[in-house]
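Report on one structure; see the data block that follows.
Here the structure is a predicted model, which means the values were calculated and not measured.
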Amino acid sequence: MAKKRKSRSAKRFLDNLEPAGMVFTGIVRPAIDDEHAVLFARPGDTKWIKIHEDQIQEMKLVQVAHRGKQSYPLVNLVMKQPQSAEGRVFAGLAQIHSPTASSPGATDLCWDSGKQAWVPCPKQS
C-alpha cells in the first residue's frame, strides 16, 4: 500500500523563510593574490571588488555567464551582516543604490542568448 505524501503549502514555505544578509548578484573569479578571497563584479561591469571569505555568508550559483570569450559563474552572493556602525551605514547605502532596489535610473540587465552576454533590458513602455 502506497503511503500518502504530506502536502506542503506555500504558507509553510513562507513561514520558514529566514532573514538573509545583503544579497548581490554578479560574476566571480578567484583572487590570484589571496586564496581566501574572490573577485566580484556586476554583470557588464569592468570593476572587480575583492571580497574576503570571512565576509561572505553564502554563495549560490545561478548560471554560467559569458563576458566576451570568458565564462564566469553568475552567483547570488549573500554577505554577512556588518558588525560596526560604519559597516552598517555602508551596507544601507549599498542596498538603496543597488539596481535591485528599483530606484529611478537603475539599469536592469537581461541575458541575451544570441550575444551570449548581459545587456540592458529593453525599456517597457
side-chain contact (heavy atoms from CB on, under 4.5 Å) filter on D33, not counting sequence neighbours, yields A31, K50
Which residues pass the side-chain contact (heavy atoms from CB on, under 4.5 Å) test with V62, not counting sequence neighbours? L74, N76
Mind checking whether L39 and Y72 have side chains closer than 4.5 Å, heavy atoms only? no
Minimum side-chain heavy-atom gap Q57-M79 below 4.5 Å: no
Do E58 and I56 come within less than 4.5 Å of each other through their side chains, counting heavy atoms only? no
Which residues pass the side-chain contact (heavy atoms from CB on, under 4.5 Å) test with K69, not counting sequence neighbours? none
So which atom in F40 and which in V28 form the shortest heavy-atom distance, rounded to 0.1 Å? CD1-CG1, 3.7 Å
Is the backbone of L77 close enough, under 3.5 Å, to the side chain of K60 for a donor and an acceptor to pair up by distance? no
Among all residues two or more places apart in sequence or in another chain, which pass the side chain to side chain donor-acceptor pair (under 3.5 Å) test with E53? H36
Please list, chain by chain and in numerical order, all residues satisfying side-chain contact (heavy atoms from CB on, under 4.5 Å) with F90, sequence neighbours excluded. none
What's the verdict on side-chain contact (heavy atoms from CB on, under 4.5 Å) for V38 and R29, showing C-alpha distance, side-chain angles and the deciding distance? CA-CA 6 Å; V38 296; R29 69 179 190 196; over 6 Å; no
Q63 side chain to L61 main-chain N or O, any donor-acceptor pair under 3.5 Å? no
